[in-house]
Amino acid sequence: MGALGMLVASKLSVNHAVTGYVRRPEQIERIKQSGLISDVNIYNVSTKLINDIGHHELYIVCVKQTHLNDVIPYLKKLLDDDKVIFLQNGLGHVEKVQSLKPKVFLGTCDHGVMRLSDYEYSHKGEGKVRIASLRESNRNDAVRLVEALDYSFFPVEIHPELFRILYEKLMINSVINPLTAIFEVPNGQVVENTYLNKLAKKLTKEGADALSLDFDRLWEKVKEVAIHTKDNHSSMLRDIEQRQLTEIDYINGYIMKVSDQPVPYHECMYNMVKAKEQR
């Protein structure tokens with residue numbers, strides 16, 4: 001469980017029996033000793049190794065795109081009636097989960113969250129989880145999931161145009177994440193710094209054209225998110241700071257892959273972040 005996994009597990013544990021799956025015994029021990037701690041709140045969540053995955057009414061996959069290939073083999077063992085929600089940045093995972101047997105739901109999460117340790121995280125900003133079924137035949141299941149998961153302190157809702165939301169979030173991430181990672185600045189600088197603002201606008205225009213999205217709407221959303229999270233470090237910047245692989249392949253790399261026209265600004269961001277990864 002990283003930052004998002006700890007947040008989701010904590011919030012849902014208030015009203016549900018939640019099991020968090022991790023890769024290291026050390027994290028299990030820390031969570032057993034201290035619980036999951038968010039600022040001043042402590043949550044008790046059962047924790048096991050991913051190799052010991054059991055049967056549950058619902059599975060929520062919160063790992064980053066870079067770790068999704070490690071998780072999918074476990075999900076292939078699930079049954080047709082099992083339910084899995086995927087909460088990832090980017091859109092690279094959609095192809096990977098198409099062939100899974102369980103009922104698959106895609107989602108976005110707007111919460112701002114930062115991992116502090118194996119058992120601590122900081123909830124930086126309130127948001128919503130939005131989900132929709134990958135397959136039309138499972139729409140009623142999505143309704144029932146929202147009825148079971150939606151609480152005032154952790155709102156979950158169905159979005160009828162989830163792919164548009166996924167594309168919009170992809171676009172916002174493709175602007176804020178690489179700029180903050182390359183220049184090592186908090187999110188607000190994307191708007192406040194005159195020259196980063198110019199680059200951000202160019203990236204938004206280029207991406208909107210490539211994905212057939214409305215530029216004006218997207219640019220307002222980019223500015224809104226940057227201002228709302230102005231003191232936050234983006235997930236891509238934190239990956240660079242921690243010398244971990246970023247999700248650039250699934251964000252700007254995805255735009256490069258699907259665009260039928262040149263996207264030089266996104267290609268530049270992609271190569272600069274990959275250079276920092278290699279360094």
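Below, all heavy atoms of this structure are taken into account, side chains as well, without hydrogens, waters or symmetry copies.
The shortest distance between side-chain heavy atoms of N187 and V225 does not fall below 4.5 Å. Contact of the D239 side chain with the L245 side chain is not registered, since no non-hydrogen atoms from C-beta on lie closer than 4.5 Å. Contact annotation: the side chain of K32 never approaches that of T47 to less than 4.5 Å [non-hydrogen atoms, C-beta and beyond].
Residues A3 and V113 share a closest heavy-atom pair of O-CG2, 3.6 Å. Here the shortest heavy-atom pairing between I42 and G35 reads CG2-CA, 4.4 Å. Between A9 and M1, the shortest heavy-atom contact is CB-SD, 3.9 Å.
To the nearest 0.5 angstrom, L213 atom CG is 7.0 Å from M171 atom CE. The CG atom of D82 sits 10.0 Å away from atom CG of L75, with the distance rounded to the nearest 0.5 Å. Distance check, rounded to the nearest 0.5 Å: CD1 of I255 to CG of L170 gives 4.5 Å. Separating the OG atom in S174 from the NE2 atom in H266 is a distance of 4.5 Å, to the nearest 0.5 Å. Considering OG1 of T180 and CD of E184, their distance stands at 10.0 Å, rounded to 0.5 Å.
Sorted by first then second residue, the side-chain hydrogen bond (donor to acceptor under 3.5 Å, both in side chains) pairs that include residues 210-221, not counting sequence neighbours, are E168-R217, E220-K223.
A donor-acceptor contact shorter than 3.5 Å is absent between the side chain of H55 and the backbone of E57. One N or O on the side chain of H159 and one on the backbone of E161 form a donor-acceptor pair closer than 3.5 Å. Side chain of E157 to backbone of I131: no donor-acceptor contact under 3.5 angstrom is found. The closest donor-acceptor contact from the side chain of N193 to the backbone of Y195 lies under 3.5 Å. Side-chain N or O atoms of E126 include none that pairs as donor or acceptor with a backbone N or O of D110 at under 3.5 Å. Checked by atom type and distance alone, the side chain of D39 never pairs as donor or acceptor with a backbone atom of S122 at under 3.5 Å. The backbone N or O of D118 sits less than 3.5 Å from a side-chain atom of Q27, completing a donor-acceptor pair. With hydrogens and angles disregarded, no donor-acceptor distance shorter than 3.5 Å links the side chain of E277 to the backbone of Q244.
The number of heavy atoms from other shown groups lying within 6.0 Å of CZ (R139) does not exceed 12. Other residues, nucleotides and ligands contribute over 12 non-hydrogen atoms within 6.0 Å of the CD atom of Q261. Around the NZ atom of K96, the shell of radius 6.0 Å holds more than 12 heavy atoms that belong to other residues, nucleotides or ligands. Within 6.0 Å of atom NZ in K276, more than 12 heavy atoms from other residues, nucleotides or ligands are found, so the atom counts as buried in its surroundings. More than 12 heavy atoms of other residues, nucleotides or ligands shown are found within 6.0 angstrom of CD on Q242. Counting non-hydrogen atoms of other residues, nucleotides and ligands closer than 6.0 Å to OH of Y265 gives a total of 12 or fewer. In the displayed structure, H228 atom NE2 is contacted under 6.0 Å by at most 12 heavy atoms of other residues, nucleotides or ligands. Residue-environment remark: CZ (R238) exceeds the threshold of 12 foreign heavy atoms within 6.0 Å.
Taking the centre of each ring, H93 and Y254 stay at or above the 6.0 Å mark.
In this pair, Y151 and F153 present their aromatic rings parallel. The plane angle is below 30°, not in the 30 to 60° band. Between F154 and H111, the ring-plane angle classifies as parallel under the 30° and 60° cut-offs.
Both F163 and V84 belong to a single network of hydrophobic side chains, linked directly or stepwise wherever heavy atoms of I, L, V, M, F, W or Y lie under 4.5 Å apart.
With 3.5 Å as the limit, one finds no donor-acceptor pair spanning the side chains of T66 and Y250. Checking E192 against Q189 by side-chain atom types alone, a donor-acceptor pair falls below 3.5 Å. Checked by atom type, the side-chain pair Y74/N51 shows a donor-acceptor distance below 3.5 Å.
Listed by chain and residue number, K205 satisfy the side-chain hydrogen bond (donor to acceptor under 3.5 Å, both in side chains) test with D209 (two or more places apart in sequence, or in another chain).
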